[in-house]
Amino acid sequence: GDSVTQMEGPVTLSEEAFLTINCTYTATGYPSLFWYVQYPGEGLQLLLKATKADDKGSNKGFEATYRKETTSFHLEKGSVQVSDSAVYFCALTEAGGGADGLTFGKGTHLIIQP
Amino acid sequence: DGGITQSPKYLFRKEGQNVTLSCEQNLNHDAMYWYRQDPGQGLRLIYYSQIVNDFQKGDIAEGYSVSREKKESFPLTVTSAQKNPTAFYLCASSPGQRRSGTTFGSGTRLTVV
């Protein structure tokens, strides 16, 4: 079945550092890929998405590119802020058939220190 | 603004009692989902519904039940058969086309005392 693997946390960085959170996936066909962010005590918010190979999703300074050849969707940001501290989830939805929602990675807890 | 409302935000239950978590959406989404979140385990799918009066079991449905009598409502009952119910529960919805982003509620934290 489909699966998503992302780097375990916590990831601790200083403010203004460069961020990469790795995400790889296993899926049949051509899934859509997503990054969600969860702030403490809250639900998940869609951060960005990409629906086909080589698409780049971007939002709030974050970017991720759908790489079919490496089955990856790594999240990057050039200069992180304390307010970026949160848990980040990589997710996919399969390309065809079924409708059982998103498959999630286990989440990466990001801590940004001032 | 459209969105998903989950209530209550915090819920305490005694062992052996059933409890129902509310989820309401005004996004006119066809599909609704319930996820359970535990530390270090990500999100796991409990139940989902693609249409009114129809729902399917997810990966961890044992000890839970749902109903979908109205398009906008998808309540989850945690029964006494659920062995370890303390967790953070998230409701979500999506339009008919799954490639669109799924929208989440703010969650209910259930604690069994």
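Order of the sequence lines fixes the chain letters, A, B, ..., with proteins taken first and strands second; residue numbering starts at 1 for each chain.
- More than 12 heavy atoms of other residues, nucleotides or ligands shown are found within 6.0 angstrom of NZ on B:K71.
- Residue A:Q38 touches chain B through its side chain alone, counting heavy-atom pairs closer than 4.5 Å.
- Remark: B:K9 NZ is packed, more than 12 non-hydrogen atoms of other residues, nucleotides or ligands lying under 6.0 Å away.
- In the displayed structure, A:F18 atom CZ is contacted under 6.0 Å by more than 12 heavy atoms of other residues, nucleotides or ligands.
- The local environment of CD in B:E62 is sparse, with at most 12 non-hydrogen atoms from other residues, nucleotides or ligands closer than 6.0 Å.
- Interface remark: B:Q37 contributes side-chain atoms only to the contact with chain A (heavy atom separation under 4.5 Å).
- The shortest side-chain heavy-atom distance between B:L43 and A:L102 does not fall under the 4.5 Å cut-off.
- With a 4.5 angstrom heavy-atom cutoff, A:L44 touches chain B via backbone and side-chain atoms both.
- Within 6.0 Å of the CD atom in A:E15, the count of heavy atoms belonging to other residues, nucleotides or ligands exceeds 12.
- From B:T102, atom OG1 reaches atom CG of A:L46 across 8.5 Å, with rounding to the nearest 0.5 Å.
- Looking only at heavy-atom pairs under 4.5 Å with chain A, the residue among B:Y47, B:F88, B:F104 that has the most is B:F104.
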